[in-house]
Asker: 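What follows is a structure written as structure tokens; I'll ask about it next.
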Amino acid sequence: MRQSRLFAPTLKESPADAEIASHKLLVRGGFMRRVASGIYDFLPLGVRVLRKIERIIREEMNREGAQEVMLPILQPRELWEESGRWSLYGEEMMRLKDRAGRDFGLGPTHEEVITALVRDNIKSYRDLPLNLYQIGAKFRDEVRPRFGLLRAREFVMKDAYSFDRDEKGMRDSYHSMYRAYSRIFDRCGVRWMAVEADTGLIGGDVSHEFMVLAAVGEDRIAHCENCGYAANVNLAGYRRESITGKARPLELVYTPGRRTVEEVSSFLEVEPRYLIKCLMYLVEGKPVAVLVPGDREAGEVKLERALGTPEFRLFNDADWECHPQFVRGFVGPVGLDGAEVLADLSLEGAQGMVCGSNREDHHLVGVEVGRDFKPTRYLDLALVRDGDPCPRCDSSLQVAAGIEVGQIFQLGLKYSQSMGCTYTDEKGQERPVFMGCYGIGVTRLMAAIVEQHHDDKGIRWPLEVAPAHVHIIPLNYEKEERRRAAEGIYRELLESGLEVLLDDREESAGVKFADADLYGIPFRLVLGKVFEESGELELQVRTSGERVIMSPQEAKNWIMEALTGV
Ligand code: ATP
Ligand code: MG
């Protein structure tokens, strides 16, 4: 590539809407441009990086026996009605009508299309197992598109779907994808972690998310360095320690106008953890009281799992009015009528607690759980915090921020049952297919790589995903013999199979180096003063900042060696 002809315009300033490094640097480095909120153009260098990531993904998917297909973005409503997701998916799906008024959606994911394809084209156990994948555009009308490629409305995803005869087959497919993902993220040069995850709108029972550790990540991961336990904080467990507040007899105390945990805790001079927070939820139309210690939050994902339905919400003003028996601000589990009571595991046997009394302006102190009231169930409801005890060993958990670059699911029979995807077994009996699905956010991964590999001047691409291997930077390019020498090295490196960018512009050293920093190509060969004196050039390593003077031949060998195994 000749830089004079390259369409990769760099910018001195970051775009006004860019808040994070990857967004700023990918735009400034001429890798991408914004078209509209959450929608981007990819320029030639951006496409080169994307194709490299895709190549790694293809190689590793193929290695596990997955086969590539291409499925349509435009999907008919009827298929989504079969799974029940036409209404469930809500506003995140972009919808449109054709000229005859028929409804279509732009695929946010492809379970429906692929299940129909496989259902209509497999017959017997001999056709299974099967693993099909594609790499292509997905559309999601996100509430808040932001952070550039991290949360876009049109983005590239690799999605794969496995079809197996039975549960064991499904688990094997899942593990094979887990292995493929591990290699993919390793090869992309990121520090990552697989964590236990919720299945959300996709469904199924078992799921892992692959997280790239980065401060800007929107996800929070709880992990234990000692035993390796790792889970998304929205469902991570932690070992509960018994809670024993000040021993005192059960007593009604006057707490005028003190409604919140903070107000009650400072008024009674009791630490928040000795309070029982009683949250009123409306679950499928019925009131449910959810109890957690006063210093903890109840997790909505944990709650959804405990309740077995996504149809619940915290009481709103109208709900409080509809249920006057619950005294807002003073509601508590002792003597509570007309609501199921779910308590966090940590409250089992808790003593010396403070809670609402169901009487205006009063709380109860000296409450003992189990003695003064019995919850319907004890469940894992409270959210984990940094430093909590690990649920699997004696160590403690750390909470870190991560970017979800992939997620894998054991779907079980969710789609095969609703959509009738079956096969006949050895005995001629019809059985539903066990499915799994596996996504990687390809464009999000590209941004996540940048989040981990940059400095304030630009990107530092890991070798295997870099837009090129070598950047030749001849200074004083207007000099005829400099130009000839650079051309010679350029040709030789190309002939060795290297990907090379030659800065053949008559620009100042400052301009050339600033652009080179933004492009972030791993190896730079600078032809300057030293070259004039001794025929040697300066090899600069973008990642380490290392600079070594050597002959062009030595530089070539150095780079070829770094590339072995890539
Ligand atoms: P998130 O929780 O971040 O919204 P998700 O769990 O809805 O993501 P999946 O349905 O698991 O996403 O999709 C598979 C992968 O696609 C994700 O792991 C992520 O890497 C990527 N992805 C999802 N939504 C977006 C988006 N809006 N922009 C870019 N990549 C995305
Ligand atoms: Mg996900």
Side-chain angles (χ1 to χ4, degrees), residues 20 22-23 26 32 34-40 42 46 50 53-54 57 61 83 85 88-94 106-112 114 133-161 174 177-178 180-181 184-185 188 190 192-204 206-214 216-221 231-235 300-301 304 310 401-411 414-415 436-451:
I20 61 169
S22 59
H23 188 183
L26 286 169
M32 68 179 212
R34 178 184 187 271
V35 176
S37 169
I39 304 176
Y40 295 92
F42 286 86
L50 264 186
I53 298 173
E54 290 172 8
I57 293 175
M61 292 300 292
S83 70
R85 286 206 298 182
L88 251 187
Y89 218 95
E91 294 186 345
E92 205 167 291
M93 176 141 77
M94 301 262 192
L106 299 184
T109 175
H110 279 71
E111 283 80 10
E112 283 75 3
I114 195 108
Y133 76 97
Q134 62 168 348
I135 298 179
K138 292 279 185 285
F139 292 81
R140 292 185 185 180
D141 198 357
E142 298 276 357
V143 184
R144 253 187 102 195
R146 60 179 195 151
F147 292 166
L149 299 181
L150 287 190
R151 189 163 298 284
R153 294 197 296 168
E154 175 175 347
F155 56 96
V156 178
M157 196 198 285
K158 184 288 298 176
D159 45 328
Y161 306 86
Y174 187 84
M177 287 296 98
Y178 193 114
Y181 275 40
I184 289 166
F185 298 123
C188 286
V190 286
W192 59 274
M193 196 182 277
V195 308
E196 292 173 18
D198 179 46
T199 52
L201 265 180
I202 306 282
V206 177
S207 178
H208 283 87
E209 286 164 337
F210 289 77
M211 299 286 191
V212 165
L213 302 174
V216 301
E218 293 181 289
D219 283 276
R220 293 287 172 277
I221 311 153
N232 193 309
V233 290
N234 61 26
L235 52 69
E300 300 255 305
V301 168
E304 180 172 337
I403 300 168
E404 180 200 319
V405 288
Q407 187 168 9
I408 58 178
F409 302 80
Q410 292 183 15
L411 293 171
K414 174 168 163 137
Y415 295 90
C437 75
Y438 317 91
I440 291 180
V442 182
T443 40
R444 184 184 280 186
L445 175 56
M446 176 170 165
I449 294 169
V450 177
E451 286 300 328

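Note that ligands are numbered from 1 as they come in the structure, with each ligand's atoms numbered from 1 the same way. All values below were derived from every heavy atom in this structure, side-chain atoms included, with hydrogens, water molecules and symmetry-related copies excluded.
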Asker: What is the ring orientation for F185 with Y181, classed by angle as parallel under 30°, tilted 30 to 60°, or perpendicular over 60°?
Answerer: perpendicular

Asker: Classify the contact between R444 and ligand 1 as side chain, backbone, both or neither, using a heavy-atom distance cut-off of under 4.0 Å.
Answerer: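 Side chain only.
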
Asker: Please classify the T109 to ligand 1 contact at 4.0 Å (heavy-atom distances, strictly less than): side chain, backbone, both or neither.
Answerer: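 Neither part.
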
Asker: May I ask you to check if ligand 1 and A152 share an N or O to N or O distance below 3.5 Å?
Answerer: yes

Asker: Per the side-chain hydrogen bond (donor to acceptor under 3.5 Å, both in side chains) rule, which among E196, Q407, Q410 passes with S207?
Answerer: Q407

Asker: Counting from 1, what ligand 1 atoms have a heavy atom of E142 closer than 4.0 Å?
Answerer: 24 (N), 26 (C), 27 (N)

Asker: Would you please classify the geometry between the F210 ring and the Y178 ring as parallel, tilted or perpendicular, with 30° and 60° separating the classes?
Answerer: perpendicular

Asker: Checking the side chain of S83 only, and the main-chain atoms of Y415 only, is there a donor and an acceptor separated by less than 3.5 Å?
Answerer: no

Asker: Report, in ascending order of atom number, the atoms of ligand 1 lying under 4.0 Å from any heavy atom of R140.
Answerer: 5 (P), 7 (O), 9 (P), 10 (O), 12 (O), 13 (O), 23 (C), 24 (N)

Asker: Could you tell me which N, O or S atom of E404 is nearest to the Mg ion (ligand 2)?
Answerer: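 Per the distance ranking, E404 contributes OE2 as its closest N/O/S atom to the Mg ion (ligand 2).
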
Asker: Verify the distance criterion only: is there a donor paired with an acceptor across the side chains of N232 and D198 at less than 3.5 Å?
Answerer: no

Asker: Go through the steps for K158 and Y133 under the test side-chain contact (heavy atoms from CB on, under 4.5 Å), then give the verdict.
Answerer: CA-CA 7 Å; K158 184 288 298 176; Y133 76 97; 4.2 Å; yes

Asker: Using a distance threshold of 2.8 Å, state whether an N, O or S atom of E209 lies below it from the Mg ion (ligand 2).
Answerer: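 It does not: E209 brings no N, O or S atom closer than 2.8 Å to the Mg ion (ligand 2).
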
Asker: Any chance you could lay out the side-chain contact (heavy atoms from CB on, under 4.5 Å) test for V450 and L149, step after step, and finish with the verdict?
Answerer: CA-CA 11 Å; V450 177; L149 299 181; over 6 Å; no

Asker: Using heavy atoms and a 4.0 Å limit, tell me yes or no: is L150 in contact with ligand 1?
Answerer: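 In this structure, L150 qualifies as a contact of ligand 1 - some heavy atom is under 4.0 Å.
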
Asker: Looking at E218 and R144, is any side-chain nitrogen of the basic one under 4.0 Å from a carboxylate oxygen of the acidic one?
Answerer: no

Asker: Can an N or O of I440 be found at a distance shorter than 3.5 Å from an N or O of ligand 1?
Answerer: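 I440 vs ligand 1: no N/O contact under 3.5 Å.
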
Asker: Under 3.5 Å between any N/O of R151 and any N/O of ligand 1: does that happen in this structure?
Answerer: yes

Asker: At less than 4.0 angstrom from any non-hydrogen atom of G441, what atoms of ligand 1 do you find?
Answerer: 15 (C), 16 (O), 20 (O), 21 (C)

Asker: At less than 4.0 angstrom from any non-hydrogen atom of Q407, what atoms of ligand 1 do you find?
Answerer: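 The atoms of ligand 1 under 4.0 Å from a heavy atom of Q407 are 6 (O), 11 (O), 18 (O).
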
Asker: Quick check: does M157 get an N/O under 3.5 Å from an N/O on ligand 1?
Answerer: no

Asker: Below 3.5 angstrom, do we get any N/O pair linking E404 and ligand 1?
Answerer: yes

Asker: For L149, counting its heavy atoms only, list the atoms of ligand 1 lying under 4.0 Å from any of them.
Answerer: 29 (C)

